[in-house]
Amino acid sequence: MSSKPKIAIDARMVNKSGIGTCIQHWLKDVGYDIALGNPEELKVYQNAVPALIPFISSIYGYKEQLKFPYGKLKKKHPDILHVPHCNVPLFYRGKMIATVHDLTHLVYPQFLPMKLVHWYFKFIFWFVCKRANRIVVVSESTKRDLLRFYKVNPEKIHVVTLGVGKEFVKKSRSEFEYLYEKFEIPRDKKIILYVGNLLPHKNLNGLLRGFAQMTGREDCRIVMVGKAFDGRTTQTIESELGIDHLLIRAGMVSQEDLVNFYNLADLFVLPSLYEGFGLPIVEAFACGTPVACSNTSSMPEVGGKLATYFDPKNPESIARALEQSIDLKGKQDSEIAAWVSHFSWEECSRQIRKIAEELCAEK
């Protein structure tokens, strides 16, 4: 078997948030030979990936299993298929690498819409453990969770740390000042940035309860970035806590605006109950912005000694962390720069390539 394997990737989620960011960088740097997905979405990667197999299907469930292009892929003779999430093809018989980002659905089943969804993910993760030749996880935390829920050989699991995009850099004030006017942000207030959605495990309400207890909150504004805040007006909890006037709902923004928001902010906060990796922590650090985040799951791995941690279920703990870190900007610059240098997409892709080569060399 050649030491340079022919690798295919299921790239259908290339434009999704989170996993899509990973796929975008992997397509550029791993050196795949075949990509499965929507031709329109993947045409920008045609110089990096020689062959494309059309595969348009919803993610999860039986339809993607029935539509998977088993025959077309077999004709391309790949040595390895990389599935960048847990939804592996049930009837694929070749060598396979699967990436498991998190086990949120198993750790917090109470947040799922119905029990059937829980059983689906319980089965599909079991199948990944049974069927995949190698499992790539994005943090030691995810590895621990996988070993906690399933009997799987630890040597089969490889921790590969994610990277941070080169667009996330410190900028001069003149480059992001326009955000004040564009989003009607007061210039004389400290800015706390939240980037995310309203999924229960993201714990936005927990952040708001903590912020309501923060000393000096009137001198701050929480800017909420994400699709969930498009058109979101006064909500019950904000009104009940008496902090609605301290919130700015920016909604969905461009990548350029996002980078500039990280630069504008005095503090980035990630209050999640659970994260498989917590990429926004590194993105904020890369822009020179201090971070306050939960002390759970993978976040202490990603935040290291530089983040300020809190108990996400304790509003008082959140309030104290916000108070301790709101004035840290500019005081950790050299330490932050050194820490961010550990998170490289090129290194992440190199490790995936190495895992594929080692798997290919096995009989």
Of all heavy-atom pairs linking D266 and K190, the shortest is OD2-CA, 3.3 Å

Any V302 side-chain heavy atom under 4.5 Å of V282 side chain = yes

Evaluate side chain to side chain contact (heavy atoms under 4.5 Å, CB included) for R350 paired with K354, printing each intermediate quantity in order. CA-CA 6 Å; R350 189 194 67 78; K354 182 181 177 184; 4.3 Å; yes

task = Could you verify whether a donor N or O on one side chain and an acceptor N or O on the other, from D10 and Y92, lie under 3.5 Å apart?
result = no

Residue set satisfying salt bridge (Lys or Arg N to Asp or Glu O under 4.0 Å) with E177, at least two apart, ordered chain then number -> R173, R187

Exercise. When you check the side-chain N and O atoms of S254 and E256, is any donor under 3.5 Å from an acceptor?
Worked result: no

Output for pair (F127 CZ, K130 NZ), nearest 0.5 Å, gives 8.0 Å

Practice problem: Give the ring-plane orientation class for Y262 versus F168, where under 30° counts as parallel, over 60° as perpendicular and anything between as tilted. | Solution: perpendicular

Open item on the list: I'd like to check Y108 versus P200 (side-chain heavy atoms, cut-off strictly below 4.5 Å). Are they in contact?
Closed with: no

What one should report as the nearest heavy-atom pair of R131 and R93 is NH2-C, 3.1 Å

* To do: State whether a side-chain donor-acceptor pair under 3.5 Å links N87 with E64.
  => yes

All heavy atoms of I191 vs all of V223, minimum pair found to be CG2-CG2, 3.7 Å

Tightest non-hydrogen contact, residues K95 and N133, listed as CA-OD1, 3.2 Å

Less than 3.5 Å apart, any donor N or O on the side chain of T142 or H101 sitting next to an acceptor on the other? no

query = Just wondering, are more than 12 heavy atoms of other shown residues or ligands nearer than 6.0 Å to CD in Q110?
reply = yes

By ring pair (Phe, Tyr, Trp, His ring centres under 6.0 Å), F310 pairs with (sequence neighbours left out) none

Practice task
Would you tell me whether S298 and E301 have side-chain atoms, one donor and one acceptor, within less than 3.5 Å of each other?
Solution key: no

| said: Parallel, tilted or perpendicular, judged at 30° and 60°: which one describes the rings of Y120 and Y60? | reply: perpendicular

### Message
So that I know where these two stand, are F183 and F261 an aromatic pair - ring centroids less than 6.0 Å apart?
### Response
yes

Distance col, row K202:NZ vs L270:CG, nearest 0.5 angstrom, shows 6.5 Å

With a 4.5 Å cut-off on side-chain heavy atoms, are Q24 and V14 touching? yes

Exercise. Measure the acute angle between the ring planes of F121 and F125, then classify it against the limits of 30° and 60° as parallel, tilted or perpendicular.
Key: tilted

query: Are P312 and P271 side-chain neighbours, meaning at least one heavy-atom pair lies under 4.5 Å?
result: no

